[in-house]
Amino acid sequence: MTRFLIQRLILAIVVVFAVASLTFFALNLSGDPISNALSSAGASEEQIAEVRQQLGYDRPILVQYADFIASAATGDFGRSIYYGEEALPLVIDRLPYTILLASVAMLITIVVAFPLGVAAAMFRDRPIDRAIVTFAAFGQSVPIFVVGPILILIFSVHLGILPVSGAEGRGSVILPALTLSLYPLARITRLLRASMLEVANSEYVLTARARGASEIRVVLRYILRNALLPVLTVLGLQLGNLLGGAVIVETVFAWPGIGSFTRDALINSDFPLAQTAVILIAVAVVVVNVLTDLIYSLVDPRIRLS
Amino acid sequence: MAMPVPTPSQPEAPLLRVRDLSVCFHSNGETVHAVNGVSFDLQRGSAVGIVGESGCGKSTVALALMQLLTRSAEISGGSVSLSGRELLSLNANEMRHVRGRDIALVFQDPMTALNPVLTIGQHLRETLSLHEGLSGKAAHARSVELLKLVGIAAPESRLAAYPHQLSGGMRQRVMIALAVSGKPKLLIADEPTTALDVTIQAQILQLLSRLRDELDMSIILVSHDLGVVANLADRVLVMYGGAVVEDGTAEQVLLEPKHPYTKALIAARPEIDSDRGTALCAIPGAAGRLTEQPSSCSFEPRCAVRMEVCSARLPKLAWDGAHGAACWHVAGASGEGQVP
Ligand SMILES: Nc1ncnc2c1ncn2[C@@H]1O[C@H](COP(=O)(O)OP(=O)(O)O)[C@@H](O)[C@H]1O
Ligand code: SF4
Ligand SMILES: [Mg+2]
């Protein structure tokens, strides 16, 4: 167990380092943040050169990289060019919104996908199953920028029961979370259905029935418990996606989470801010993955962490 | 069809009476007649062996008795009565109460027969609460007792183990403990030793034999291996192509076989002491697929002593006392179909 955690910690550091490096080069090789920002603001060549020197952007790229990594390792992620403040606290301010959005979306996913997946498997090939499978196929293929506006039209414009956007109004998290949950919800429904149908063919399910176990017991204790194992892994991956991949939803709903914040930082060529946000997301995803592995090992006695 | 009921010498009503049991599978618009008119009796406390090559319908018979066949299967006819109670007309709930309590089942592969996320103790407590209404200390004590009964050493410490932590032989013992936990009158063991090492095989057969006596249970032992069946069974049914082709006491079937298929099985069996397996490969040819109900002897394509009548008419079991065989060579044979 301790060995597992140490291994995962090392892996986490490697992953975060790789993400940080990749982000750094992808951004800095795409151009110079100062010229981008200031020339659009109408600054002169000399002014730009002066600011570049002040902020260290005139140094060779590898020197900048070494400096960035060294500082980041000590928790110093630099200053936002746009806000002129330290980048890390700015990003951390947005974290609760992203975590709230991802958690609610995950909750909706679980609460809806589990019953749907179980029902589809239990009523295999019957109308209920067909309806659920069709809905899931739809949910997996409709893009977010289509679903979001439709939900806004229905719930905000027509029914007027939920705010159109932002994070202030009561229940404001519901529409973005609903939109965000559609894909994982559909995916988990299909996966759980397939997994249950597979487990249902296991010999231990047949032997449970042969011992006279009731159908409900067979479904819950024998089929579902085992069918959940592969689902758990994918749930962990999906939660990671929700934490990091909410850019479109946060933009559509003007949700002040890390996703829309990162997008704004990129538009403003605010490289330090964007880098900090991406690194934080990477850390969150790694943490979620470790937690998933831990939970998996608790649920499946055959897995021993090492 | 009124079938002349074979009534072996015992006057007492049999524990299990199977008549004309037929099962077909429907898949991809095709029907496979896997079991065709199987009939036999099983006396209280005795053991019957069902032998035959893989695919001849043994497991289908076993599962049909429990009504645990897959969705694509249909019991297309016949009767199964246990202590005089017709099982095929029970509803799902009534049948569920028969399972584990009146009839129990042990399967071939102990590796996959236990729920991987439950401990041995959880498995046992579940059936004990189901069939005996036991819980808490009483269930624990009975669990230990059951594991002891099936010859598991240090039973207390095994309760917390998960299936993957036990050997194959140990798991099969656990399966047997679970099977007998509801004090069934009948235990069906479908190839219970096929997946195990030879030495473990013998131990498991001994265990079944001991439990039969100690618990006064009847046993149906299904195996592709005549030797395994000979070990335990009082009566032996030989199946081919979904039908019983020979039925007699173990001595009759093994020592004075009447049906050419039984004779071939015995001839093909390797000498005792040699390794198990490969026994039946020595009969040339393979059984055909039963997409139609047979109207002639199914063994005919592979039979060394076939005659003209064999491909035209289906032979029925002809009885000589308690020993029957379905072959046109057997004296008194009768059957169905056009006389050629
Ligand atoms: N689930 C199934 N679907 C279709 N056909 C099946 C199925 N199970 C068994 N059968 C058919 O029934 C026949 C008998 O199978 P089985 O009872 O398993 O034989 P045995 O146990 O003697 O090896 C097989 O030849 C196969 O064609
Ligand atoms: S009936 Fe004919 S073909 Fe069938 S086993 Fe007897 S002799 Fe052989
Ligand atoms: Mg079989």
Side-chain angles (χ1 to χ4, degrees), chain A residues 114 118 120-130 192-233 292-306, chain B residues 59 62-63 65-71 92-120 122-124 126-131 160-165 171 174-182 184 187-190 195:
Chain A
F114 280 20
V118 171
M122 283 183 71
F123 298 99
R124 176 187 193 173
D125 293 338
R126 300 222 224 130
I128 297 185
D129 176 37
R130 297 238 164 77
L192 183 57
R193 174 184 183 273
S195 181
M196 285 199 47
L197 290 179
E198 195 189 318
V199 174
N201 284 326
S202 308
E203 199 147 294
Y204 55 80
V205 171
L206 189 60
T207 56
R209 291 208 170 96
R211 289 194 294 272
S214 65
E215 202 51 25
I216 184 106
R217 181 178 286 269
V218 169
V219 168
L220 295 181
R221 207 171 188 214
Y222 285 78
I223 302 180
L224 184 60
R225 278 215 38 196
N226 285 284
L228 278 180
L229 297 176
V231 171
L232 201 61
T233 307
T292 308
D293 284 352
L294 282 176
I295 294 174
Y296 200 109
S297 75
L298 291 180
V299 185
D300 188 346
R302 287 163 297 185
I303 306 290
R304 292 197 53 232
L305 299 177
S306 65
Chain B
S59 297
L63 290 173
L65 298 180
M66 292 286 262
Q67 290 176 48
L68 281 174
L69 291 159
T70 50
R71 288 151 33 110
N93 199 40
E94 291 166 333
M95 193 57 214
R96 185 165 70 73
H97 287 284
V98 170
R99 296 191 197 111
R101 202 167 305 175
D102 295 323
I103 312 180
L105 194 53
V106 174
F107 288 103
Q108 170 171 344
D109 192 357
M111 295 304 170
T112 54
L114 291 161
N115 188 342
V117 301
L118 298 184
T119 62
I120 305 308
Q122 285 173 313
H123 278 94
L124 282 161
E126 181 180 273
T127 59
L128 287 172
S129 119
L130 197 60
H131 299 305
Y162 284 96
H164 73 275
Q165 294 166 325
R171 284 189 229 187
V174 171
M175 288 310 299
I176 294 171
L178 286 168
V180 301
S181 67
L187 177 71
I188 304 175
D190 187 354

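Per chain, numbering begins at 1; letters A, B, ... match sequence-line order.
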Shortest non-hydrogen contact from B/Phe107 toward A/Leu206: CZ-CD2, 3.4 Å
Which atoms of A/Arg217 approach chain B - backbone, side chain, both or neither, heavy atom under 4.5 Å: side chain
Contact winner vs chain A - B/Leu105, B/Val117, B/Val106, heavy-atom pairs under 4.5 Å: B/Val117
Proximal component of B/Thr112, with respect to chain A [non-hydrogen, under 4.5 Å]: both
Structural part of B/Ile188 lying under 4.5 Å from a heavy atom of chain A: neither
Short side-chain to backbone donor-acceptor contact, B/Arg96 and A/Gly212, under 3.5 Å: yes
Min side-chain heavy-atom separation A/Thr207-B/Leu178 under 4.5 Å: no
Which atoms of B/Met175 approach chain A - backbone, side chain, both or neither, heavy atom under 4.5 Å: side chain
Nearest atoms (heavy-atom pairs only) where A/Pro301 meets B/Pro116: CG-O, 3.2 Å
Winner by heavy-atom pair count (cut-off under 4.5 Å) against chain B, out of A/Ala210, A/Ser214, A/Ala213: A/Ala210
Which portion of B/Arg71 sits near chain A, non-hydrogen atoms under 4.5 angstrom: side chain
Side chain / backbone / both / neither for B/Asn93 at chain A, heavy atoms under 4.5 Å: neither
Region of A/Val299 in contact with chain B, defined by heavy-atom distances below 4.5 Å: backbone
Heavy-atom pair with the smallest gap, counting every atom of A/Tyr222 and B/Asn115: CD2-ND2, 3.3 Å
From B/His123 atom NE2 to A/Arg221 atom CZ, the distance as rounded to the nearest 0.5 Å: 8.0 Å
Contacting moiety of B/Gln122, where chain A heavy atoms sit under 4.5 Å: both
Region of B/His164 in contact with chain A, defined by heavy-atom distances below 4.5 Å: side chain
Heavy-atom proximity to chain A below 4.5 Å, by part of B/Leu68: both
